[in-house]
Amino acid sequence: MAYIEPAPIKDKENPLESMMERFNIAAEKLGLSDEVYNVLKNPAKQVIVSLPITMDNGKIQVFEGIRVIHSNILGPAKGGIRFAPDVHIDEVRALAAWMTWKCAVVDIPYGGGKGGVRCNPREMSKGEIERLVRAYTLSMIDVFGPDKDIPAPDMGTGPREMAWLMDEYSKARGMTVNSVVTGKPLVLGGSLGRTEATGRGVMVSALAAMQKLKINPFQATCAVQGFGNVGSWAARLLEERGLKIVAISDHTGAFYNEKGINIVEAIEYRDANGGNLEGFKGGDKMENAGDLLILDVDVLVPAAVEDVITIHNVNDVKAKLIVEGANGPTSAKADAIINEKGIMAVPDILANAGGVTVSYFEWVQNRLGYKWTADRVNRRSDRIMKDAFDTVYQTSLKYEVPMRIAAYIVAIDKVAKTYTYRGGF
Ligand SMILES: NC(=O)C1=CN([C@@H]2O[C@H](COP(=O)(O)OP(=O)(O)OC[C@H]3O[C@@H](n4cnc5c(N)ncnc54)[C@H](O)[C@@H]3O)[C@@H](O)[C@H]2O)C=CC1
Ligand SMILES: O=C(O)CCC(=O)C(=O)O
C-alpha cells in the first residue's frame, strides 16, 4: 500500500500568505472591525480525507482529499475541485477564500469553497480517476449539497468528473440531484456557455481594461500562459476580438509566432494530441517557457497556475495589462512592482469570475428545471462581468488603490455588511 506524503509548499510563495497580505490592506482601508476580520480570516470548515483506491495494477494507493469552506455567509459555498500532484492545504485555503471574494465581487449569492485531491491525473487511467472521484464524493457526502456546498471543475477536472460526482451523490441520496455540482455535461443539466465562461469573462475584462488604457484590440498583441479550459478559451475569444496572440504555452512548453498563432488550429492540435501542445508547429518552441511572461506584448494572460509572476521576474514583465485567468498567478510581493511600473492588473477574483457566474446560472436552471439559451447565458454573464469591472474600477479611483485591492474592498465590504446584518456572533 503506497501513501503519498503531503508535499510542502516549496519554490513558491505561499498563496495563503499572498491572499492574506491583500486582505489585510483592504481590511485596513475599509476600517474592518476586529470581530469581522477574525471571522473572515479563518475558514469556516476544513475537511481532509484519506481515499484508498484500487489502481489498475491491483495495488491500493491512498490519496489525500481536501475540501475547505471559507465562508457560507452569502449563501452555499461554491468552488471547484483541483486534481494536481502539488495540492496543499494552504493552497486550498487560499483558493476557497478567493472564491468568497470572487462571488461577492460579481454579486452572486454564494460563499466560497474549494477542493483538491493530491494526484496526477495525467498518469492515471480513466477508471482510476473515476474511482477517485467517487470515493472523494462519498467522503464529502455530508459536506456537499445544493444548499450547502456546490463543487465545480478546476485544474485537472472537467465535465466528466462532475458527471461522476453528480451520479455518486445522487445514488447516495436515492434521487437525482443535478444541482449539487456545476460544470456538468449538457445532457446531465449542464449550462450552455459554462465551458467557455471563464475564458469569456477574461475576454470581457480584458476589453474593458483595454478601453480604459486606450489600447486598440486590433493593434494589440497578447501572450497566454496555460492552454487548458481557461487559457484556450481566453485566447480564442481574444483572437476573435482582434488581438494577435503571439505566444501560448502549457506544461509541455511555450510557442511563439510574431505573426500570430492560429488559436483554432492550436486547439485542434491539442485535442488530437492527448490534450497538450507538445510538438505544435504553429509557432517556434521557446527555449525557456517562463519567458512567455516577459515578452514585449500589450496584454498578458496567465491562465495556468499560482505564483508565476513573482519578485524573480516581475521587473522584466513588459505587458501594459495583465488579466489573471488563473487563480493567484501573481504573488503579493510582486504587486508593489507591478504598481510602480504602472501596469494594470485585472485580478483573478474579478477577471476569472465568468466561470462561477455561469455556474450560478447552471444551478438556477437546475433548480427551475429549465434551460436557458446560449445567447441568454452569454448576454447575462457579459453584463455581470462588465458591471463588476466598472464597480471595481470606480472603487480603485475612490480609494486610490490598484484594481486588485479595489476588488478585495468591494468583496470584503459586501461580506462584512452581510455579517453585520445577520449578527449572531
Ligand atoms: N476552469 C474554470 O472554470 C476556472 C479555472 N480557474 C483557474 O484557471 C487556472 C487554469 O484552470 P483550467 O484551465 O480549468 O485548468 P486545466 O486543467 O483545464 O488547464 C491547465 C493548463 O495549464 C497548463 N499548465 C500547468 N502547469 C503549467 C505551467 N507551469 N506553465 C504553463 N502551463 C501550465 C496545463 O498544461 C493546461 O494547459 C487555474 O488557476 C484555475 O484555478 C479560475 C476560474 C474558473
Ligand atoms: O464554477 C465554479 O463554481 C467555481 C469555479 C472555480 O473554481 C473558480 O472560479 O476558481
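Each ligand, and each atom within it, is numbered from 1 in the order the structure gives. In this text, all values refer to a predicted model and were calculated from it rather than measured experimentally. In this chain, numbering begins with 1 at the start of the sequence shown.
W372 carries R380 over the face of its six-membered ring, with the cationic atom under 6.0 Å from the centre and within 45° of the normal.
The shortest heavy-atom distance from R82 to ligand 1 is under 4.0 Å. Within the 4.0 Å heavy-atom shell around ligand 2 one finds G355. Within the 4.0 Å heavy-atom cutoff, E278 does not count among the residues contacting ligand 1. In this structure, R270 falls outside the shell of residues with a heavy atom less than 4.0 angstrom from ligand 1.
Under a 4.0 Å criterion applied to the non-hydrogen atoms of K102, ligand 2 contributes the atoms 8 (C), 9 (O), 10 (O). Taking every heavy atom of N327 and a limit of under 4.0 angstrom, the matching atoms of ligand 2 come to 10 (O). Each of the atoms 34 (C), 35 (O) of ligand 1 lies under 4.0 Å from some heavy atom of R122. The atoms of ligand 1 that sit less than 4.0 Å from any heavy atom of S249 are 31 (C). Of all atoms in ligand 2, numbered sequentially from 1 with element shown, those under 4.0 Å from a heavy atom of V356 are 1 (O), 2 (C), 3 (O). Each of the atoms 3 (O) of ligand 1 lies under 4.0 Å from some heavy atom of R194. The K114 neighbourhood of ligand 2 comprises atoms 6 (C), 7 (O), 8 (C), 10 (O), with distances under 4.0 Å to a heavy atom of that residue. In summary, the atoms of ligand 2 found under 4.0 Å from a heavy atom of S359, numbered by their order in the structure, are 1 (O), 2 (C), 3 (O). Within ligand 2, counting atoms from 1 as listed, the ones closer than 4.0 Å to a heavy atom of A152 are 1 (O), 2 (C), 3 (O), 4 (C).
Residue V230 places at least one N or O, backbone or side chain, under 3.5 Å from an N or O of ligand 1. An N or O contact shorter than 3.5 Å is missing between G231 and ligand 1 by distance. Here's the thing with K78: one of its N/O atoms is less than 3.5 angstrom from an N/O atom of ligand 2. Of the polar atoms of G80, at least one N or O is found under 3.5 Å from an N or O of ligand 2, judged by distance alone.
In terms of protein heavy atoms, atom 18 (O) of ligand 1 is closest to N229 N, 3.0 Å. Nearest protein heavy-atom neighbour of atom 19 (O) of ligand 1: G228 CA, 3.2 Å. Looking only at protein heavy atoms, the nearest one to atom 3 (O) of ligand 1 is T198 OG1, 2.7 Å. Shortest contact from atom 29 (N) of ligand 1 to any protein heavy atom: V305 CG2, 4.1 Å. Nearest protein heavy-atom neighbour of atom 22 (O) of ligand 1: A304 CB, 3.6 Å. Counting only heavy atoms of the protein, atom 41 (O) of ligand 1 lies nearest to D154 OD1, 2.6 Å. In terms of protein heavy-atom proximity, atom 5 (C) of ligand 2 is closest to R194 NH2, 3.9 Å. The protein heavy-atom contact nearest to atom 30 (N) of ligand 1 is Q225 NE2, 3.9 Å.
Annotation for K29: atom NZ does not count as buried by contact number, only 12 or fewer foreign heavy atoms lying within 6.0 Å. The number of heavy atoms from other shown groups lying within 6.0 Å of NZ (K417) does not exceed 12. The neighbour count for E21 CD, taken as heavy atoms of other residues, nucleotides or ligands under 6.0 Å away, is above 12.
Salt bridge annotation for R82-E91: present, with a cationic side-chain nitrogen under 4.0 angstrom from a carboxylate oxygen. The residues D142 and R173 are annotated as salt-bridged, a charged nitrogen and a carboxylate oxygen being separated by less than 4.0 angstrom. With respect to the salt-bridge test (charged N to carboxylate O, under 4.0 angstrom), the residues K126 and E130 do not qualify. For R379 and D382, the salt-bridge test fails: no basic side-chain N is under 4.0 Å from an acidic carboxylate O. Ion pair R134/D167 flagged as a salt bridge, since at least one NZ, NE, NH1 or NH2 atom sits closer than 4.0 Å to an Asp/Glu carboxylate oxygen.
Classification of the F255-F280 ring pair by plane angle, with boundaries at 30° and 60°, yields perpendicular.
Among G156, G183, A234, A303, the residue whose heavy atom lies closest to atom 10 (C) of ligand 1 is A303. When E91, M155, H251 are ranked by how near their heavy atoms come to atom 35 (O) of ligand 1, first place goes to H251. Summarising the contacts of atom 7 (C) of ligand 1 with D348, I349, N327, T252, the nearest heavy atom is found in N327.
Under 4.0 angstrom from ligand 2, there are no non-hydrogen atoms of V358. Residue contacts with ligand 2, taken as heavy atom pairs separated by less than 4.0 Å, do not involve E362 at all.
N72 and K45 share no side-chain donor-acceptor pair at under 3.5 Å. Counting only N and O atoms by type, the side chains of S359 and T182 include a donor and acceptor under 3.5 Å apart. There is no side-chain donor-acceptor pair under 3.5 Å between S381 and R200.
When atom types are taken as modelled, the side chain of N315 and the backbone of I311 share no donor-acceptor pair closer than 3.5 angstrom.
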Inset, instruction - Apply salt bridge (Lys or Arg N to Asp or Glu O under 4.0 Å) to the pair E324 and R404, showing each step before the final yes or no. - result: CA-CA 10 Å; E324 296 184 342; R404 186 185 311 283; 2.8 Å; yes
Inset, instruction - Step by step, work out the ring-ring contact (aromatic ring centres under 6.0 Å, His included) result for Y110 and Y360. - result: CA-CA 8 Å; Y110 286 142; Y360 167 55; 5.6 Å; yes
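Between K78 and K102, the closest side-chain pair of non-hydrogen atoms is not below 4.5 Å.
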